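In this text, all values refer to a predicted model and were calculated from it rather than measured experimentally. Residue numbering restarts at 1 for every chain, and letters A, B, ... go by the order of the sequence lines.
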Amino acid sequence: MPKVKIDGVELEVPAGITVLQACELAGVEIPRFCYHDRLSIAGNCRMCLVEVKPGPPKPQASCALPVADKQEIFTQTPTVQKARKGVMEFLLINHPLDCPICDQGGECDLQDQAMAYGFDRSRYHENKRAVPDKELGPLVKTSMNRCIHCTRCIRFATEVAGVEQLGATGRGESMEVTTYVEQALSTELAGNLVDLCPVGALTSKPYAFEARPWELTKTESVDVLDALGCNIRIDSRGAQVMRVLPRLNDDVNEEWISDKTRNAIDGLRHQRLDRPYVRTKGKLVEATWDQAFAAIAAKLNGLDGSKIAAIVGDQCDAESMVALKDLMASLGSPNVDCRQDGAKIDGPRGSYIFNAGVRGIDQADAILLIGTNPRVESPVLNARIRKRYVHGRCPIASIGTAEDLTYPVERLGAGPATLRELVDGKLGFFDKLKDAKHPLIVVGMGALAREDGGAVLAMAYELAGKLDAVRDDWNGFAVLHTAAARVGGLDLGLVPGEGGRDVAGILEGCQKKEIEAVFLLAADEIDTTKLGKAFVVYQGHHGDAGAHRADVILPGAAYTEKPGIYVNTEGRVQVGRRAGYPPGDAREDWAILRALSERLGKTLPYDTLHQVRARLVAVNKVFAAIDQQAPGAWGPVGKPGTTTDAPLASAVANFYMTCPISRASRTMADCMASRAHLMAAE
Amino acid sequence: MAMITADPKDVPQVASFSFTPEYMAKVEEQIAHYPPGRQASAVIAVLDLAQRQQGWLPRAAMNEVARLLDMAPIRVYEIATFYTMFQLRPKGKYLLQVCTTTPCWLRGSEAVMKACQHAADGETFSVQEVECLGGCVNAPVVQINDDFYEDLDEASMNKVLDALRRGESPKPGPQVDRQTSAPEGGLTTLKGE
């Protein structure tokens, strides 16, 4: 390991890193604009100049200079200071200095660094250049006069997002960052450009002129709009969520989030359920909590448990799910299901989580995607697979109808028959998987949420066995969920008990009048017309499909409005925190169930959040290890049987609208329109 | 200052572009200069061929180059807009690139420029002011398509332009009695033995 001296302090650093990284290890801050940890090195802003001995007698760009043994690095000499001030002066020649009307103000790298290295007046009297703004779609607002040509956005689009659509045209003073032909970027990660831009050239369009960073309350939480559970920071003002930003977590989302995670939040302001409703004479009428509970009690009291059923939605927190489970148990009903889409999963934990973990993708050396389109099901996870592809020597193949995934994929076929052939070793890709040290089999909901899902799962299990993909040092069996609540629900055992009905069974029972009351815990993705004449209680936060059909509505809290535990597709237990209170009379979901249980005479034995969480741990001890991915047990899963010829299409048809929140979001509607426009242009 | 932009939006773009068989053969030859998988290295040469065939580089031509070389179109636009030799607007039959950098300017490039601008009609002649063409010793210099016309003044410039207009090919190089950059009027030294 090379030994370097940074500002007189000797330090041993790993070989192969850059001078800038070495300085960071030494705790010396180097100003920079173009350098970014997760992008390739450009070395074009020249802000990170340092003096290095031995070396030429001039300052050097530390971001692009490898460390060498016995190097002496000086970061604070007068030469360095003067050089950085010079660079800053050049950067500001054409920068408009419109900070008072710039959305980046207060969190702008250029603003901050100008405080340290800026000159207090300009020595340039020429006119500043004027650059036309670009149209980058409904999420990114451009103000290209402010651009300092760091090229972070270009590198992000090319390297991480995998859409080579941004570039730098022209040269010298005429250089501009553009798509050349005015068009939105066809990526689900466009919002990250806003975070990457060190100046105010790319800012958030939906958030334009909404708030200043210093007036926002920052709450660290997790996302529930897809099953990856991206770590987010919710910025709110009062009760309103103003924006969502990614939080660094290398195990999950690195520092990216998808456009839905970031921009669907305006859906939290529309279509909200803010008070209880009771259906009287066919119409939903506003009611008090007391009246709502009374209506439920009147129906449920005396009703046999087998005639009651509960369906759990895709974004529920573990607390409300365990409360519902306990309530249903006390009512004597085995009819509980958290698999709205009818996914055929109910094996040991190892059979329904992404065992390899997101980090495992970096290690994988052959990847098979079965019935999944990660690009729309979890764009950030897809970016991780792309990252693995970019590093090279990792064949990727898919069985299903997945389209452009931003990396080349060998298409083996569309239906389960292809999987059968692969398992039998009849396809060439079998050998590639067999030769791989760390084969990764990603099974999507498109493969499991279907009639023959059990048979497909059984084949995937068989394949994992043949490939020896599940061993002590590597578990390459990975289920990619689409619902944030799913793994938590399965961990808590929200599946039909003995003699119980699953979702299909419940709906069938409703039509045959064998089920008389259905409790929907934020479940909107079912066919509500099939609920027949059953008495439906809907507890949730949005006036979506479930609420329209309900006889009693109990207003709950959305994910930003309640503390909650979520288990992501990896089986990682993560804690979401409350950024603001739910609107009107709406309440935290577990508390509603607790209050209801009291009215039904089956009082649940917990009164505080702490007690509910203790109950979670009692049900399944994985809930005790926050932020950890507990390994799952492994055993035969699925139900070997015949399969149909239907192709294994992705479970997500429309990335921008997958849940009540995103369906209520106008920004997501704009994104859809923009994407449709792009598709039509092609 | 005027708005800068690389994308000439006011240009009437052509609907489609494809290489003629002769040009395609040259394109393939250029691509063959590089190892397989590195065909993108041929981009400048192929763009030049497209420009020679079309007279300028419409967007359709750049897209075709991108397709042939398996590159993202934006990467081709970047290159085409970087080099001033690529013309992103339709040009006349003859592109008059008048050097106005200091040596040419001191030797009277303004008069040459005037003659060119007078002739420029957009169909036969287009005129463009360029930085140093590297022919300072024969200043003033004008590059007409692939040829340098040197040691010009207003009269000799007009003579060249008239000849081109008539469809002749005037002799490139110095337009005075001079061989390349040798002294005017014959040698002054190294004459005898």
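- Separation of the A:Phe33 and A:Tyr35 ring centroids does not fall under the 6.0 Å cut-off.
- Checked against the 6.0 Å centroid criterion, the rings of A:Phe156 and A:Trp256 qualify as a close aromatic pair.
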message: One pair to check against salt bridge (charged side-chain N to carboxylate O under 4.0 Å, His left out): B:Lys93 and B:Asp121. What are the steps and the verdict?
response: CA-CA 10 Å; B:Lys93 189 172 166 202; B:Asp121 54 6; over 6 Å; no

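- A pairwise comparison of heavy atoms in A:Leu381 and A:Pro374 identifies CD2-CB, 4.3 Å as the closest pair.
- Ring geometry, B:Phe19 versus B:Tyr23: the interplanar angle falls from 30° to 60°, so the pair is classed tilted.
- Between the side chains of B:Trp105 and B:Glu110, at least one donor-acceptor pair of N or O atoms lies under 3.5 Å.
- Side-chain contact of B:Glu78 with A:Thr169: a donor-acceptor pair under 3.5 Å is absent, judged by distance alone.
- Heavy-atom distances place the backbone of A:Leu166, and not its side chain, under 4.5 Å from chain B.
- Residues of residues 34-48 of chain B never come within less than 4.5 angstrom of chain A, heavy atom to heavy atom.
- For A:Thr158, the part lying under 4.5 angstrom from a heavy atom of chain B is the side chain only.
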